[in-house]
Amino acid sequence: MLDFVDITKDNIHLYCRFNRIFSDDLSNFQDSLYPKNSDFFVPLIEEGLLRWSYLFYDGKIIGAIWIEKEHHSLTFATLGIFISEKDKRSCGIGEQAIKKYISLHKKEMKLKEINIEVKKENIRAIRCYEKCNFLVGQKYEDCHGTTIINMVKSL
């Protein structure tokens, strides 16, 4: 059973667990486990610019998901997601989480479009995003020479 638990100043300490996992495993798939402006997450959440939650599956934290906007006037946002538990990847949980999380927050955040960036080599994630109706957009190389694909979903 998939569920979301909002990340707050009272439970953010649990997030350090992902940093340990990130250095060993998740860095092959993504550059960051945090929203862009995570240092200031409490005011951003209060202002409606960020929704950030732990992913719970069968009562256990298995990752996190977030949607963040740069400004209230914008109708697009960036999605971030990761699943740290290896045995929970490629099981459809990511697809289910993305669809449900966007559905929960698109109206309150006044969104018409969501984008996500993914490393070209992360074929599993690209397939998941395509199942969620994201389309491949621009590609670019980051400062490490890694090809990044920007994928976009109209709402």
Side-chain angles (χ1 to χ4, degrees), residues 1-8 11-12 14-15 17-19 21-22 25-38 41-42 44-140 146-155:
M1 173 78 157
L2 175 69
D3 201 6
F4 306 109
V5 173
D6 291 341
I7 293 174
T8 67
N11 67 17
I12 189 71
L14 299 173
Y15 223 78
R17 169 179 165 226
F18 298 124
N19 282 330
I21 295 168
F22 178 68
D25 181 44
L26 290 173
S27 62
N28 294 325
F29 304 109
Q30 59 193 90
D31 293 326
S32 176
L33 298 180
Y34 292 90
K36 185 176 179 181
N37 296 304
S38 62
F41 77 94
V42 173
L44 292 174
I45 289 170
E46 291 171 354
E47 293 173 29
L49 295 173
L50 174 66
R51 293 294 173 251
W52 188 15
S53 301
Y54 291 108
L55 287 175
F56 267 75
Y57 193 79
D58 289 339
K60 180 180 177 187
I61 298 174
I62 64 162
I65 189 167
W66 62 88
I67 297 174
E68 59 185 320
K69 285 174 67 170
E70 294 289 324
H71 191 272
H72 290 290
S73 65
L74 300 176
T75 59
F76 63 90
T78 300
L79 175 75
I81 184 173
F82 67 89
I83 296 175
S84 62
E85 303 295 321
K86 290 181 183 180
D87 66 330
K88 300 298 184 213
R89 297 178 193 154
S90 298
C91 299
I93 297 169
E95 179 184 353
Q96 182 185 356
I98 290 167
K99 289 177 178 178
K100 187 174 178 182
Y101 207 69
I102 290 171
S103 180
L104 284 171
H105 298 295
K106 70 180 178 182
K107 187 174 181 180
E108 72 175 276
M109 294 181 80
K110 300 176 181 150
L111 298 174
K112 293 184 179 177
E113 185 177 278
I114 298 274
N115 62 60
I116 191 165
E117 292 188 340
V118 60
K119 291 182 178 181
K120 179 182 173 185
E121 297 81 21
N122 195 347
I123 302 302
R124 181 178 54 232
I126 292 168
R127 285 190 189 127
C128 172
Y129 305 148
E130 288 174 337
K131 289 178 184 177
C132 294
N133 297 318
F134 281 82
L135 301 174
V136 173
Q138 293 181 316
K139 298 177 185 178
Y140 67 92
T146 302
T147 301
I148 305 295
I149 301 171
N150 184 42
M151 300 184 74
V152 180
K153 175 181 175 70
S154 294
L155 303 177

Less than 3.5 Å apart, which donor and acceptor atoms pair up between the side chains of residues 109-118 and the rest of the protein, not counting sequence neighbours?
unit_1 : atom_1 : unit_2 : atom_2 : d
Asn115 : OD1    : Thr78  : OG1    : 3.2
Glu117 : OE1    : Tyr140 : OH     : 2.9
Glu117 : OE2    : Tyr140 : OH     : 3.1

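For residues 44-54, the pairs satisfying salt bridge (charged side-chain N to carboxylate O under 4.0 Å, His left out) are Arg51-Glu108, with sequence neighbours left out.
Lys107 is linked by a side chain to side chain contact (heavy atoms under 4.5 Å, CB included) to nothing, counting only residues two or more places apart in sequence or in another chain. Among residues two or more places apart in sequence or in another chain, the salt bridge (Lys or Arg N to Asp or Glu O under 4.0 Å) test is passed with Lys36 by Glu70. For Tyr57, there are no ring-ring contact (aromatic ring centres under 6.0 Å, His included) partners two or more places apart in sequence or in a different chain. For Asp87, the side-chain hydrogen bond (donor to acceptor under 3.5 Å, both in side chains) test picks out no residue, with sequence neighbours left out. Partners of Leu104 by side chain to side chain contact (heavy atoms under 4.5 Å, CB included), not counting sequence neighbours, listed by chain and number: Phe4, Lys100. In terms of the side-chain hydrogen bond (donor to acceptor under 3.5 Å, both in side chains) criterion, His72 has no residue partners (sequence neighbours excluded). Listed by chain and number, the residues in a side-chain hydrogen bond (donor to acceptor under 3.5 Å, both in side chains) with Ser73 are His71 (sequence neighbours excluded).
Here the side chain of Asp58 pairs a donor or acceptor atom with the backbone of Met1 at under 3.5 angstrom. When atom types are taken as modelled, the side chain of Tyr54 and the backbone of Lys60 share no donor-acceptor pair closer than 3.5 angstrom.
Between Tyr101 and Leu55 there is no side-chain heavy-atom pair separated by less than 4.5 Å. Side-chain contact between Ile12 and Trp52: present, with at least one pair of heavy atoms (C-beta onward) separated by less than 4.5 Å.
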